[in-house]
Amino acid sequence: MSRRLLVTAALPYANGPIHIGHLVEYLQTDIWVRFQKLRGHRCLYICADDTHGTAIMIRARKEGRSELDLIAEMSESHQRDFAGFGIEFDHYGSTHSDENQAICGEFWQALRSQDLVVERIVQQLFDPEAETFLADRFVRGTCPKCGRTDQAGDNCTCGHTYAPTDLIDPISTLSGATPVLKEAPHLFVQLEKLHGFLQEWVATSGALQSETANYLQGHFLAEELRDWDVSRPAPYFGFEIPDSPGNYWYVWFDAPIGYIASTQQWCQRNGEQLADWWKSDDCEVHHFIGKDITYFHTLFWPGMLKTAGYSLPTKVHIHGFLNVNGTKMSKRDGTLVKAETFLKHVDPKALRYFYASKLSSRVEDLDLSISEFVDKVNSDLVGKVVNLASRVGKFAHRTGLSDSYPEDGGLFAKAAAQGEAIAEAYEQCEYARAMRLIMELADAANPFVEHARPWEMNKDESRQDELRDVCTVALNLFRQLAVYLAPVLPSLADSCGELLGDKLVSWDQSQTPLVGSSVGKFTRMMDRVQIEDLEKMIEESKVEAAADAEATGLATPTFQDSDQPLKDEPLADEITIDDFMKVDLRVARVITAEQVPEANKLLKLTLGLGGDETRQVFAGIKAAYDPDQLVGRMVVMVANLKPRKMRFGMSEGMVAASGPGGADVFILSVDEGALPGQRVH
RNA sequence: GGGGCUGUAGCUCAGUUGGUUAGAGCUGGGAACUCAUAAUUCCUAGGUCGCGGGUUCAAGUCCUGCCAGCCCUACCA
């Protein structure tokens, strides 16, 4: 039975380029949509740029151009990046559209008429120079708790959280001006009035993974829901609220409505009715989002939809974040790779497959390990799948396909029977499982060719029919894999369709072998991924990040440090925290320091660890330090080093210092406040 | 501190309602083959299934207590 599905991915913010972290979501969604279409369902993939808010306004101002100019450029670059990865939207809109403004008005009316909106005065920091209210992240200052300077507006590295108004010496990051406290009326949605509905929906709709439902019930639904502040005073880039001049809808109010507005634009172009997609029980609505925006899509958004009379999400699919090589992506490490940069170095097919092989239906972070990426893509896709076609391609071009499907030991039938299990895995967003099932089939296909030895048949005039049969089996098994992989690798499906002169458009094509047709000239469908390319990509990302940082002027100054020290002494093997904890580093005070006349390099130190605890240490720093200048200062020592007998006495530890030696030795210092005996963690 | 998830071969993971000698791929070792992108095929090595208790005729699988890692929270949304 054919279903009707409306699918969205979260709207990317028009404040920056698409990077590989974003792509997890757009690819996850694209794969799901392509799968649904392949299965013959009516499915729309809707997205748009999220264009409003202070950040866009500030950036446009900084770049000396209009917001419209900025968001137009961003939209274009986003769409170019998505296209580069084969992400195919049915419609890509913008939240800054007439349709969105109109539908926002409709939602607003619904909220008003159901008496869910209240006005309250809010005190907020205001930048008098930039003439704008400041969100927490635009304020920095001194932590009121511990006194650290230059801390974020809502929390300090010391762990304390506070309101930006609590900061000592607050500074606006926009202008550097000192913000002042200013009052403004804000409009709030009283979400609590929808508590009963939301409770019910979260618990029983089946739209949420159980982990998410539990989380919401434990954290938010367990108590009174707070009013949601949905307005921002001018100046603000967005839509002015019709019945509240000078106030604008908060970006998170109009962003999800953008899903509907973008659908509306598609409807207008295709002569369809919006109600058939957004107000029909026959249409499923699926949202794909990251775990960071769970809250907006599982409480506010259903509340808004309910109030305005639109369909509630059938399912909110929530995914985790992307790590690279086991750690958070970082600009500095070059692991926050822009989509555009990726495309310069690596085949997008590789990323599509790799993500698919890692994704499940759970809210779990996934890891892109560079070496795993290379191994997996090369051995699975190139070594197993593409190779299957590649190894018989030349013969098949000459022989064509047999008129009836030959005996293959049940391989095709078995793989056809697996189709439903694979489809089910796709449907459940268990792509990793789907990929595993498909690769099992690929693993069974290559031995067939191997044992049939077509290269021997090729040399024997009388065995051309046999050869054709082998090619027929191999190419049909390949074609079957191409169908199963089509949601993930549409371009491979295209290559396969072209080779066999039969376009792959339906899942059902995996169930019946293709026979009796000619085979085109084989051309390479995919190249192996080289680890060097990945390395170059990371390297280029680092350079870009440094350039960006310089351009925005916000980043830390760049230092021209030589790479010689690292070359002289490369990084040691990785250790665990346990290994590190074996080394007991302590802060110590130099109590005495004296020359050892017979020694060439050594000074004799007495280090105090507080109280009466002292250690005698011989340190090779004679050429670099005078004893007198050391007495009284704090150093870091290795305190649990096995004592060693030296010519001049026992040495009971080491003083931590860097440098090649001789006069170039630099003792580690500790910041003011450290006490002798404290351990270094 | 609270909540959740995970812990199976060197690596990435599978192990359905508890049931015969715990599996796959990659990597490693050996061999074969040459059609294919140093691809492929065959053989082989490698695991006290995090640790300790318990239930059971039987536990990787259920219960319980620890330990480790990750994620979310910490009165912000």
Side-chain angles (χ1 to χ4, degrees), chain A residues 135-137 152-155 159-164 191 209-220 222-223 225-230 250 252 291-296 298-300 318-321 323 326-328 354 357-358 360 362-369 371-398 421 425 430 432-433 435-459 467 470-471 474 478 522-530 576-578:
Chain A
D136 293 0
R137 66 178 184 285
D154 54 351
N155 73 86
H160 287 284
T161 57
Y162 40 76
L191 213 57
Q209 291 116 306
S210 60
E211 54 203 291
T212 305
N214 292 339
Y215 158 74
L216 292 171
Q217 299 195 66
H219 283 265
F220 299 102
E223 45 198 82
L225 293 165
R226 284 164 215 211
D227 293 348
W228 181 35
D229 185 352
V230 293
Y250 175 45
W252 263 110
K291 64 182 180 183
D292 51 328
I293 54 177
T294 296
Y295 182 88
F296 295 98
T298 55
L299 294 178
F300 294 150
I318 306 174
H319 62 78
F321 293 155
N323 289 324
T327 51
K328 238 166 123 172
F354 184 78
S357 78
K358 285 273 168 185
S360 77
R362 301 171 53 177
V363 189
E364 268 178 346
D365 291 354
L366 58 147
D367 186 37
L368 193 168
S369 141
S371 55
E372 194 192 339
F373 178 90
V374 173
D375 287 350
K376 191 161 234 157
V377 168
N378 287 347
S379 72
D380 288 359
L381 287 188
V382 183
K384 288 174 190 168
V385 178
V386 172
N387 184 237
L388 195 59
S390 177
R391 64 191 311 188
V392 298
K394 208 164 50 181
F395 307 144
H397 180 49
R398 203 179 66 235
E430 294 287 352
R433 172 193 294 273
M435 295 309 106
R436 205 171 54 242
L437 291 171
I438 295 169
M439 285 311 139
E440 278 174 21
L441 304 180
D443 278 329
N446 268 303
F448 172 84
V449 180
E450 191 80 13
H451 298 313
R453 308 176 151 268
W455 54 94
E456 287 177 5
M457 300 168 182
N458 184 48
K459 290 171 189 155
L467 177 60
V470 172
C471 292
F478 168 70
F522 180 83
T523 49
R524 217 171 235 262
M525 294 176 179
M526 182 168 182
D527 288 309
R528 304 175 77 74
V529 177
Q530 305 297 328
T576 65
I577 184 82
D578 296 333

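As a basis for the values below, the full set of heavy atoms in this structure was taken, side chains included, without hydrogen atoms, waters or symmetry mates. Numbered from 1 within each chain, the chains take letters A, B, ... in sequence-line order.
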Exercise for review: Take atom C1' in B:rC42 and the same atom in B:rC5, then report the distance between them in whole Å.
Suggested key: 41 Å
A:Arg362 CZ to B:rU6 C1', in whole Å, measures 8 Å
When A:Met526 and A:Trp228 are each assigned the nearest nucleotide of RNA chain B, the 5'-most assignment goes to A:Met526
Picking from B:rU37, B:rC5, B:rC72, the nucleotide nearest the side-chain atoms of A:Arg524 would be B:rU37
Span that lies between the C1' atom of B:rU20 and that of B:rU27, in whole angstrom: 31 Å
Identify whether any heavy atom of A:Gly218 sits under 4.0 Å from a base atom; if not, whether one sits that close to sugar-phosphate; answer base, sugar-phosphate or nothing.
nothing
Query - Euclidean distance for P, B:rU8 against B:rA14 (whole angstrom) - result: 10 Å
NZ/NE/NH1/NH2 to OD/OE distance under 4.0 Å, A:Glu372 and A:Lys358: yes
Exercise for the section: Report which part of the nucleic acid A:Val386 touches: base, sugar-phosphate, or nothing (heavy-atom distance under 4.0 Å, all strands). Expected result: base
Regarding the side chain of A:Pro447, the nearest nucleotide among B:rC42, B:rA77, B:rA14 is B:rC42
Comparing nearest nucleotides in RNA chain B, the 5'-proximal residue of the pair A:Phe300, A:Asp375 is A:Asp375
Checking B:rC13, B:rU37, B:rU12 against the side chain of A:Lys376 (C-beta onward), the nearest is B:rU12
A:Asp365 atom CG is separated from B:rU6 atom C1', nearest whole Å, by 12 Å
Picking from B:rC72, B:rU12, B:rG25, the nucleotide nearest the side-chain atoms of A:Lys358 would be B:rU12
Among the nucleotides B:rC26, B:rU41, B:rA77, whichever has the atom closest to the side chain of A:Tyr295 is B:rA77
Open item on the list: What's A:Arg528 touching, base or sugar-phosphate or nothing? Going by heavy atoms closer than 4.0 Å.
Closed with: base
- [ ] Scan A:Asn378 against the nucleic acid and name what it touches under 4.0 Å (heavy atoms): base, sugar-phosphate only, or nothing.
- [x] nothing
A:Asp292 atom CG is separated from B:rA77 atom C1', nearest whole Å, by 12 Å
The nucleotide from B:rC71, B:rG25, B:rU37 with an atom nearest the side chain of A:Asp380 is B:rG25
If pairing means Watson-Crick or G-U wobble with both distances under 3.5 Å, then the partner of B:rA68 is B:rU6
Could you walk me through whether A:Glu430 and A:Arg436 pass salt bridge (charged side-chain N to carboxylate O under 4.0 Å, His left out), step by step? CA-CA 10 Å; A:Glu430 294 287 352; A:Arg436 205 171 54 242; over 6 Å; no
With a cut-off of less than 4.0 Å, is there a side-chain N or O of A:Arg433 near OP1 or OP2 of B:rA24?
no
| task | Remember a base hit wins even if backbone is also touched, and classify A:Phe354 as base, sugar-phosphate or nothing at under 4.0 Å, heavy atoms. | result | nothing
Separation of B:rA24 atom P from A:Arg436 atom CZ, nearest Å, is 14 Å
Side-chain atoms of A:Glu372 come closest, of B:rU12, B:rC72, B:rG25, to B:rU12
Which pairs, protein N/O on one side and nucleotides 28-35 of chain B N/O on the other, fall under 3.5 Å?
from	atom 1	to	atom 2	distance (Å)
B:rC35	O2'	A:Arg391	O	2.7
B:rC35	O2	A:Arg391	O	3.2
B:rC35	O2	A:Arg391	NE	3.2
B:rC35	N3	A:Arg391	NE	3.4
B:rC35	N3	A:Arg391	NH2	2.7
B:rC35	N4	A:Arg391	NH2	3.1

Residues passing the side-chain contact (heavy atoms from CB on, under 4.5 Å) test with A:Ser379, sequence neighbours excluded, are none
Rounded to whole Å, CZ of A:Phe321 lies from P of B:rC72 at a distance of 7 Å
